[in-house]
Amino acid sequence: MSGPPRLRSTNIADSAEDRPVLGPAGNKARPTDAGRKPASKKPENPPQEPEKKKALANSPSPQCAKVPSILRRQQQHHHRHSLMNASFSSEASSSDSSLSPHSGRAARRGVAPLRRKQCGVLKAEKAESDRAPVSKMGTADSEDCLDFKKRCAWITPNTDQCYIAFHDDEWGVPVHDDKKLFELLSLSGALAELTWPAILNKRHIFREVFLDFDPVAVSKLNEKKITSPGSLASSLLSELKLRAMIENARQMCKVIEEFGSFEKYIWSFVNHKPIVSQFRYPRQVPVKTPKAEVISKDLVRRGFRSVGPTVVYTFMQVAGLTNDHLISCFRFPECTATAEAGERDGEIKCKIDAKISSEPTDFRGLARAVGELVFISK
């Protein structure tokens, strides 16, 4: 009962030769199907042995089969390390799974200083941005602290500096000097041909030509010399306006002779108290008022020229007969306080004049009255 011992032994030998091909990774590296024959098929003829030998010759050698298995184990090992590196670094991507653990550590070493550097730059920029507004505000405050004031709406950042100074120092301040009143009345009449900035820029020329606006001196000027072509005065205003200013000086001298001063005459129209308008908006400020029309008619009756209601109301605003500063302007309370102080001084002066008129020869009584008024004012 010998069976097919030789053929069986031959197949067993072949399978024994195939076993070393299996690598340490398991049955992953199997020989090709061409190198193996199914056990169910039995060879009929012995000439098939050379074909088996050829198939065995074409099958990979044990050493060649071991190399891929080792590479696979290394790749698995590297893959595990790359996954561990990705868990420690949030910036690692899926593509970095093929990198070695040493390259991952180097990348982390490079990312950490870069991140620290970026944080340092961001902190420096933040500190500079925090300091910048303070420095800018400080410089702006140092430059504009004296000029940052709430003024009337017609004073804008583009307004001429001389007009701003005129608004801050003179406009709306009560004036009681005859020379100053004559100057303001003359300049108000010049507004028909010039603007306030142009007039103020040439103010020194006006004062030079009209002798510091002394009414007595101006009344004696020669109109022909003043209005002659090529003269300094002719470069300022037209001949009509120049003649009107000289004529107004003459009429003012007459008023001074009648009332004692032009200040008494002009302030009597407002009962020696400035009119406080308390306007909120520029549109509320009028061009002329009934009071200005009354004053204008009386001036014209007395022989004054170029003193229409508009010119007279402008003169009232400039000379402080009316306080037309907007209530939001910083000059409004200041002019109001100045007017109140002027009222007290005017009352004291009226009392002194009354005492003088009642007892002109009693100098002791006059001195006593003055002392009493001074004590009351204190």
Side-chain angles (χ1 to χ4, degrees), residues 146-215 218 236-237 245 248-249 252 261-263 265-267 269-270 272-279 282 285-289 291-292 295 306-307 310-343 345-346:
L146 298 177
D147 195 38
F148 185 74
K149 299 175 182 178
K150 182 69 175 178
R151 295 181 173 85
C152 297
W154 52 85
I155 303 297
T156 64
N158 298 326
T159 304
D160 197 303
Q161 290 297 322
C162 64
Y163 188 48
I164 296 176
F166 181 68
H167 167 274
D168 295 350
D169 300 332
E170 300 183 51
W171 200 82
V173 178
V175 178
H176 299 277
D177 181 68
D178 286 349
K179 291 183 179 180
K180 190 66 178 282
L181 288 170
F182 176 58
E183 178 184 4
L184 296 177
L185 180 62
S186 302
L187 297 180
S188 299
L191 283 173
E193 298 180 0
L194 300 173
T195 60
W196 270 123
I199 292 171
L200 296 172
N201 285 323
K202 298 178 181 180
R203 196 173 189 178
H204 63 286
I205 303 177
F206 277 98
R207 288 175 175 174
E208 181 182 352
V209 171
F210 294 99
L211 307 175
D212 290 333
F213 290 97
D214 184 359
V218 174
L236 298 174
L237 297 171
M245 292 173 70
N248 290 342
M252 184 173 285
S261 67
F262 185 75
E263 179 264 341
Y265 163 75
I266 200 66
W267 277 93
F269 288 98
V270 293
H272 299 279
K273 295 180 180 180
I275 300 171
V276 182
S277 302
Q278 295 185 350
F279 294 130
V285 181
V287 178
K288 60 182 180 180
T289 60
K291 182 68 70 174
I295 298 173
S306 300
V307 286
T310 304
V311 173
V312 170
Y313 191 71
T314 302
F315 166 71
M316 292 175 64
Q317 291 174 322
V318 175
L321 277 76
T322 177
N323 183 3
D324 278 358
H325 284 285
L326 302 182
I327 60 175
S328 59
C329 179
F330 81 99
R331 288 293 293 163
F332 177 79
E334 294 179 2
C335 293
T336 303
T338 304
E340 292 176 356
E343 289 177 12
D345 294 340

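All residue numbers in this chain count up from 1 along the given sequence.
When all heavy atoms of Val307 and Val312 are compared, the closest pair comes out as O-CG2, 3.5 Å. Contact detail for Gln278 and Ile327: the closest heavy-atom pair is CA-CG2, 3.5 Å. Taking each heavy atom of Phe182 and Met245 in turn, the nearest pair found is CZ-O, 3.7 Å. Listed here is the closest heavy atom pair of Asp178 and Glu263: OD1-N, 3.0 Å. Looking at every heavy atom in both residues, Val311 comes nearest to Ser306 through CG1-O, 3.6 Å. For Val218 against Ala249, the heavy-atom pair with the smallest separation is CG1-CB, 3.6 Å.
Contact annotation: the side chain of Asp324 approaches that of Tyr313 to within less than 4.5 Å [non-hydrogen atoms, C-beta and beyond]. Between Phe279 and Pro286 the shortest side-chain heavy-atom distance falls below 4.5 Å. By the 4.5 Å heavy-atom criterion applied to side chains, Asp160 and Asn201 are counted as neighbours. With a 4.5 Å cut-off on side-chain heavy atoms, Val173 and Arg331 count as touching. Counting heavy atoms from C-beta outward, Phe332 and Leu326 have side chains that stay 4.5 Å or more apart. At a threshold of 4.5 Å between non-hydrogen side-chain atoms, the residues Trp196 and Val318 count as touching.
Using cut-offs of 30° and 60° for the angle between ring planes, the His325 and His167 rings count as perpendicular. Ring orientation note: the planes of Trp154 and Trp171 are nearly perpendicular, at an angle over 60° on the 30°/60° scale. Ring geometry, Phe213 versus Phe210: the interplanar angle falls under 30°, so the pair is classed parallel (tilted spans 30 to 60°).
The CD atom of Gln317 lies 12.0 Å from the CG atom of Leu184; values are rounded to the nearest 0.5 Å. Remark: Leu194 CG to Leu187 CG distance equals 10.0 Å, nearest 0.5 Å. The distance from atom CZ of Arg151 to atom OG1 of Thr156, rounded to the nearest 0.5 Å, is 10.5 Å. Expressed to the nearest 0.5 Å, how far CD1 of Ile155 lies from NZ of Lys150 amounts to 12.0 Å. The OG1 atom of Thr338 sits 9.5 Å away from atom CG of Asn323, with the distance rounded to the nearest 0.5 Å. Note that OH of Tyr163 is 8.0 Å distant from CG of Leu200, once rounded to the nearest 0.5 Å.
Shown here are the side chain to side chain donor-acceptor pair (under 3.5 Å) partners of Ser261, two or more places apart in sequence or in another chain: there are none. Partners of Lys180 according to the salt bridge (charged side-chain N to carboxylate O under 4.0 Å, His left out) rule, which considers only residues two or more places apart in sequence or in another chain, are Glu170.
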Would you check, one step at a time, whether the test side chain to side chain contact (heavy atoms under 4.5 Å, CB included) holds for Met316 with Ile295? CA-CA 10 Å; Met316 292 175 64; Ile295 298 173; 3.8 Å; yes

Does Phe269 form a side chain to side chain contact (heavy atoms under 4.5 Å, CB included) with Leu321? I'd like the steps, not just the answer. CA-CA 9 Å; Phe269 288 98; Leu321 277 76; 5.7 Å; no

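Side chains of Ser186 and Asn248: a donor-acceptor N/O pair is absent below 3.5 angstrom, by distance only.
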